[in-house]
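First comes the structure, then the notes that go with it.
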2 protein chains.
Amino acid sequence: MGANTEKKPSRIQLKNRKRIMDAALDVFSQHGYRGATLDQIAEAAGMSKPNLIYYFDGKEAIHVALLNALMEEWLDPLIEMKAEGDPMTEILGYVRRKMEMSHRYPRESRLFAGEIIQGAPRMKPHLERRLKPLFDEKCALIESWMKAGRIARMDPRHLILTIWAVTQHYADFDAQLRVLLPEGDGADAHVETMFRRLLTPEPTKR
Amino acid sequence: MGANTEKKPSRIQLKNRKRIMDAALDVFSQHGYRGATLDQIAEAAGMSKPNLIYYFDGKEAIHVALLNALMEEWLDPLIEMKAEGDPMTEILGYVRRKMEMSHRYPRESRLFAGEIIQGAPRMKPHLERRLKPLFDEKCALIESWMKAGRIARMDPRHLILTIWAVTQHYADFDAQLRVLLPEGDGADAHVETMFRRLLTPEPTKR
DNA sequence: CCGGTTTTTTACCATTTGGTAAAGGCACGA
DNA sequence: TCGTGCCTTTACCAAATGGTAAAAAACCGG
């Protein structure tokens, strides 16, 4: 019997599934879905290939499991941006959390990037069902802040996209960064300053 | 004899190599290096697999040829940013050219992104030899503009990286965009406005 | 239209790949 | 101690993959 039927997963199952997913994250994030092989994943996980198949129904199932886990984690920082707080603080806080995530989970970031670049074949449903509603909700929130004059006016959708663009870039293009900025960086400070300037309302003319 | 010895390439050679590279661009940009297969490329190019090998020495040779061609094209917009012009105009012109490129050559953009995400295994030399010097040169130029007070002060390296981040994002994350912005966009206008605000020097306090 | 050269096709091949079958191991309660 | 249910390994397999050999076809200047 497979391991994916809905029974209580044993301790060892949990442990091994985690081990597999961690190994798979390495391999998929580095080579993409098609470029990754079960043998690579098996070796990275320190177990035999048929053993992988014992825990997951196949290559695609592993990938899907990764994407599912990823999406939940990925939305968190945006969910945390709350209407109650000070707009500038909330948005900059979101930016900071997103940057932190890029640093802490570069593999996840690359996995996501790879999937989207390839046209999101396995993730489009997630995007539509989970990301889109959240995106719309937070756009509305930002818009209300703008209408209240508490931050500079702009298209909130493109504001969020720009935040994603910058934070993704610093995670995914690490190889390029290491060539261009051998010293390390100052990226976080730059990004925060940039968005602060961008969001500061211009003083009303008089 | 292979086709890569340095003789005059015949008309038909030029034509077929172009055909192959175009097909390979499709496939590599969608599946990454490892995920792409010669059969796919051959079919996309409308010729047999051994015929590919007749024109290129193998899978890797095709990929390398693509990356070489890409890098030249890719640097153009940045090269065009000249010291003689008005700083704001020059930088915004660069941003516009880069955005235009993202729209016109999405496959190239994705190919590049994929290669960098995978650690730039085949492109690091290019980055070091061609991109890095140009990057440093243009950073110095921007810095001189900033020191002259003609645009706002910031780390020029991160300014350029931010421009890349945003322009790449709009090309590479198209699948996500189509979910979140079903209407199309306003991306170009937003990006221009954003960088204009960012670069406008604050009025000197008095 | 001929002879040599370039290009294309056909027939293969060794390796890799995702996946299966089935036999062992292993823990653990009765 | 023995079974019983979970886990792991060994031995495979068919298809796909990158690539080759060599014959056949197309091209082209004379």
Side-chain angles (χ1 to χ4, degrees), chain A residues 1-67 118 121-122, chain B residues 1-67 118 121-122:
Chain A
M1 180 192 302
N4 57 329
T5 44
E6 27 274 295
K7 298 274 178 173
K8 32 140 205 186
S10 75
R11 214 135 299 103
I12 180 159
Q13 269 186 13
L14 256 335
K15 193 197 62 171
N16 277 344
R17 284 215 215 178
K18 216 161 199 289
R19 199 144 61 100
I20 292 170
M21 285 183 62
D22 189 69
L25 182 55
D26 272 355
V27 179
F28 279 129
S29 67
Q30 204 170 50
H31 298 291
Y33 178 72
R34 288 220 49 196
T37 74
L38 287 182
D39 296 82
Q40 278 177 293
I41 298 172
E43 181 173 1
M47 66 178 69
S48 67
K49 186 166 53 169
N51 217 350
L52 288 193
I53 306 296
Y54 175 75
Y55 285 106
F56 287 90
D57 276 350
K59 188 183 180 183
E60 182 152 12
I62 303 178
H63 196 242
V64 167
L66 275 177
L67 293 181
Q118 286 172 22
R122 272 165 273 276
Chain B
M1 179 192 303
N4 58 333
T5 43
E6 26 276 298
K7 297 276 178 171
K8 30 134 204 191
S10 75
R11 212 133 302 104
I12 181 162
Q13 270 187 11
L14 256 335
K15 192 196 61 169
N16 277 344
R17 284 215 215 179
K18 215 162 199 287
R19 199 144 61 101
I20 292 170
M21 285 183 61
D22 189 68
L25 182 55
D26 272 353
V27 179
F28 280 128
S29 67
Q30 205 170 52
H31 298 290
Y33 178 71
R34 289 219 47 196
T37 74
L38 287 182
D39 296 81
Q40 280 177 292
I41 298 172
E43 181 173 1
M47 66 178 70
S48 69
K49 187 167 53 171
N51 216 350
L52 287 192
I53 306 297
Y54 175 74
Y55 285 107
F56 287 90
D57 276 349
K59 189 183 179 182
E60 183 152 10
I62 302 178
H63 196 242
V64 168
L66 275 176
L67 292 181
Q118 286 172 21
R122 273 166 274 276

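So that the names make sense, note that chain A is the first sequence line, chain B the second, and so on, each numbered from 1. It should be emphasised that the depicted structure is a prediction, and the values quoted were computed from it without experimental measurement.
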Q: Take atom OH of Y55(A) and atom C1' of dT9(D), then tell me their distance rounded to the nearest Å.
A: 13 Å
Q: Using modelled atom types only, decide if a donor and an acceptor are shared between the side chain of K49(B) and the backbone of E43(B) within a distance under 3.5 Å.
A: no
Q.
Can you tell me how the ring of Y33(B) sits relative to the ring of H63(B), calling it parallel under 30°, perpendicular over 60° and tilted otherwise?
A. tilted
Q. So, is N16(A) close to the dT8(D) phosphate, meaning a side-chain N or O under 4.0 Å from OP1 or OP2?
A. yes
Q) What closest approach, in Å, do L52(A) and A42(A) show between heavy atoms, and which atom pair accounts for it? A) CD1-N, 3.8 Å
Q) Between Y54(A) and dT9(D), does any side-chain N or O lie under 4.0 Å from OP1 or OP2? A) no
Q) What are the two closest heavy atoms between L66(B) and L25(B), and how far apart are they? A) CD1-N, 3.7 Å
Q: Could you walk me through whether R34(B) and Q30(A) pass side chain to side chain donor-acceptor pair (under 3.5 Å), step by step?
A: CA-CA 10 Å; R34(B) 289 219 47 196; Q30(A) 204 170 50; over 6 Å; no
Q) Do the side-chain N or O atoms of Q13(B) get closer than 4.0 angstrom to the phosphate oxygens (OP1, OP2) of dT6(C)? A) no
Q) Do the side-chain N or O atoms of N51(A) get closer than 4.0 angstrom to the phosphate oxygens (OP1, OP2) of dT9(D)? A) yes
Q: Check whether any side-chain N or O of Q40(A) sits under 3.5 Å from a backbone N or O of T37(A) as a donor-acceptor pair, and report yes or no.
A: yes
Q: Give the B/S/- string for nucleotides 10-28 of chain C, one per nucleotide from 5' to 3', where a protein heavy atom under 4.0 Å of the base yields B, of only the sugar-phosphate yields S, and otherwise -.
A: BB-----SBBB--------
